[in-house]
Amino acid sequence: MDIRKFSLPEIIFGHGSMEYTGSYALQLGAKKVFVVSDPGLEKSGWVKKLLQIIEASSLKWVYYSNVSSNPRDHEVHTGAELYKAEGADVIIGLGGGSPLDMAKGVATVVSNGGIIQDYEGANLITSPLPPMIFLPSTAGSGSDISQFAIITDVARKVKMSLISRSLTPNVSIIDPELLSTVDDDLLISSAVDALAHAVESYVSLIAHTLTETQALKAIHLILDNLRPALATRDPQTLEYLSIAATAAGMSFSNASLGACHAIAHSLGGFFDTTHGMVHPVLLPAVMKYNLPACEAKMATIGEIVLKKRLSSSRQTAEGGIARLHEIFEELGTATHFREIVNDRSAFPQICEMATKDACLLTNPRPATAEELLAICEEVW
């Protein structure tokens with residue numbers, strides 16, 4: 001018998017659902033919450049609104065916003081010290097992947113001790129984490145759903161992958177209204193990140209029916225709704241993008257990812273690149289590399305992208321990959337590495353690091369550092 005597990009937080013979804021944050025914090029026993037967000041969300045007014053909701057529930061709070069776009073190890077340690085000094089009990093994360101991963105890092109260190117590097121890898125978190133409530137402000141990272149956290153080790157220039165059931169928050173409050181203040185670049189990069197989550201988890205070596213269903217739905221919703229959302233910010237299209245990111249998060253949290261994310265993590269650790277900018281460059285090339293190992297699945301993706309099936313599975317898969325590259329060009333994203341980094345001499349080192357990334361373990365086709373380097377050189 002093929003037995004699978006499927007990990008999820010409790011999900012509260014819908015326009016205005018942010019209002020439930022205080023009541024859920026109280027249900028989790030909160031008296032003083034530790035709120036993690038960033039300056040961008042302060043400027044947009046969402047942090048102020050969240051703190052008002054918390055205060056209306058008669059809760060005390062402490063606020064932490066020392067969060068880089070690629071969260072740093074020392075920022076996690078500073079946050080953990082503040083959490084302990086303030087006597088906080090429940091963690092609330094508001095933001096994209098960076099604040100949410102920071103919240104997970106703080107929760108890990110305050111409950112398990114040591115430094116965040118102690119938990120790099122899979123299933124190394126042994127003590128329960130403080131209760132966590134996450135509110136995603138982008139439709140992309142999936143951190144509010146997943147068992148993953150990505151933290152940069154500054155000294156090694158490495159993005160560490162932390163993977164544990166403990167990192168799944170207790171509650172994810174997904175309010176599509178938060179997307180109304182996101183600019184075009186962030187809306188695109190977040191959606192492409194979610195698309196990469198869906199594609200890679202769909203072809204993952206440990207994918208199964210529960211994850212595959214969510215992945216394919218996410219691909220459909222992103223391709224159908226991203227352009228309308230950019231054009232109008234229609235609430236319905238924003239809701240569909242939120243659903244897509246949630247579905248993709250459900251899928252990759254349980255089926256993991258592949259070579260695209262392994263390279264993206266290594267590249268981001270070395271060059272401090274924005275995570276979402278890397279996927280339009282890498283995803284079609286990685287799909288092309290993986291095609292011989294999962295032709296039928298790539299054809300299924302191709303059929304969604306093309307909205308038709310060609311004369312063979314191979315042609316449908318190749319046509320879908322080519323069309324996906326065209327879509328990224330039409331959206332105005334970078335489609336070559338030379339557009340986002342200016343030094344290709346570090347690629348051998350980056351690809352060597354990528355072979356040690358946990359995401360590569362579930363890539364459908366094995367890849368050496370040399371093969372990953374060939375992919376990077378192809379899209380230079």
Side-chain angles (χ1 to χ4, degrees), residues 96-97 136 138-146 148 179 182 184-204 207 211-230 237-265 268 274-291 294 297-307 317 319-335 359 362-364 379:
T138 64
S141 78
S143 188
D144 61 298
I145 299 292
S146 79
F148 287 66
L179 300 185
V182 171
D184 284 2
D185 288 344
L186 184 53
L187 195 67
I188 292 169
S189 63
S190 299
V192 176
D193 190 14
L195 182 65
H197 291 155
V199 169
E200 290 212 286
S201 62
Y202 180 62
V203 300
S204 162
T211 64
E212 291 164 348
T213 303
Q214 299 297 330
L216 292 178
K217 186 64 175 179
I219 296 168
H220 270 290
L221 288 173
I222 293 165
L223 294 176
D224 288 348
N225 290 281
L226 179 54
R227 289 188 210 239
L230 287 166
T237 62
L238 296 178
E239 182 172 313
Y240 283 142
L241 288 180
S242 290
I243 293 170
T246 303
M250 291 178 184
S251 182
F252 91 80
S253 179
N254 292 279
S256 194
L257 295 161
C260 184
H261 272 80
I263 298 171
H265 292 157
T274 302
H275 183 68
M277 291 177 62
V278 178
H279 295 309
V281 176
L282 273 174
L283 185 58
V286 171
M287 292 171 70
K288 181 181 174 183
Y289 173 82
N290 284 332
L291 175 55
C294 50
K297 282 193 167 185
M298 285 296 182
T300 300
I301 295 170
E303 188 172 356
I304 297 171
V305 175
L306 296 170
K307 299 189 182 301
I321 293 168
R323 177 61 189 139
L324 198 58
H325 178 81
E326 291 174 357
I327 290 171
F328 293 152
E329 289 184 323
E330 291 163 6
L331 290 169
T333 68
T335 54
C359 291
T362 47
N363 195 65
V379 295

Any chance you could measure I188, atom CD1, to R227, atom CZ, to the nearest 0.5 Å?
9.5 Å
Do L226 and L195 pass the side chain to side chain contact (heavy atoms under 4.5 Å, CB included) test, and can you show the C-alpha distance, the side-chain angles, and the key distance before you say yes or no?
CA-CA 11 Å; L226 179 54; L195 182 65; over 6 Å; no
Which atom names give the shortest non-hydrogen contact between A259 and V286, and what distance separates them?
CB-CG1, 4.0 Å
Using 0.5 Å steps for rounding, measure from the CD1 atom of I321 to the CD atom of E326.
12.5 Å
For residues 212-223, which side-chain N or O atoms pair as donor and acceptor with protein atoms under 3.5 Å away, sequence neighbours left out?
residue: E212; atom: OE2; partner: K297; partner atom: NZ; Å: 2.7
residue: T213; atom: OG1; partner: T209; partner atom: O; Å: 2.8

Here the pair of heavy atoms bringing A196 nearest to L283 is CA-CD2, 4.0 Å
CD1-CG distance between I243 and L238, expressed to the nearest 0.5 angstrom
11.0 Å
If we ignore hydrogens and angles and just use 3.5 Å, is the side chain of S251 paired with the main-chain N or O of T211 as donor and acceptor?
yes
In residues 298-306, what donor-acceptor pairs under 3.5 Å come from side-chain atoms, sequence neighbours left out?
residue: T300; atom: OG1; partner: A296; partner atom: O; Å: 3.2
residue: E303; atom: OE1; partner: R309; partner atom: NH1; Å: 2.9

Closest non-hydrogen contact found for N290 with P364 is CG-CG, 3.6 Å
So, for A245 and A194, which heavy atoms are closest and what is the spacing to 0.1 Å?
CA-CB, 4.1 Å
Atom of C359, atom of F148 and distance for their closest heavy-atom approach:
SG-CE2, 4.4 Å
Decide if atom OH of Y289 counts as having more than 12 heavy atoms of other residues, nucleotides or ligands within a radius under 6.0 Å.
yes
Would you call the rings of H275 and H261 parallel, tilted or perpendicular, where under 30° means parallel and over 60° means perpendicular?
tilted
Heavy-atom pair with the smallest gap, counting every atom of D193 and H279:
OD1-NE2, 3.3 Å
Under 3.5 Å, is there a donor-acceptor pair between the side chain of S204 and the main chain of E200?
no
Residues that V281 engages under side chain to side chain contact (heavy atoms under 4.5 Å, CB included), provided they are two or more places apart:
A334, F337, I340, V379
Test your reading of the model: is there a side-chain donor-acceptor pair from T237 to the backbone of N225, 3.5 Å cut-off?
no
Quick check against the 3.5 Å criterion: does S189 have a side-chain atom that pairs as donor or acceptor with the backbone of L186?
yes
Taking the side chain as C-beta and beyond, is there a heavy-atom pair between L257 and H197 under 4.5 Å?
yes
Quick check against the 3.5 Å criterion: does S242 have a side-chain atom that pairs as donor or acceptor with the backbone of A139?
no
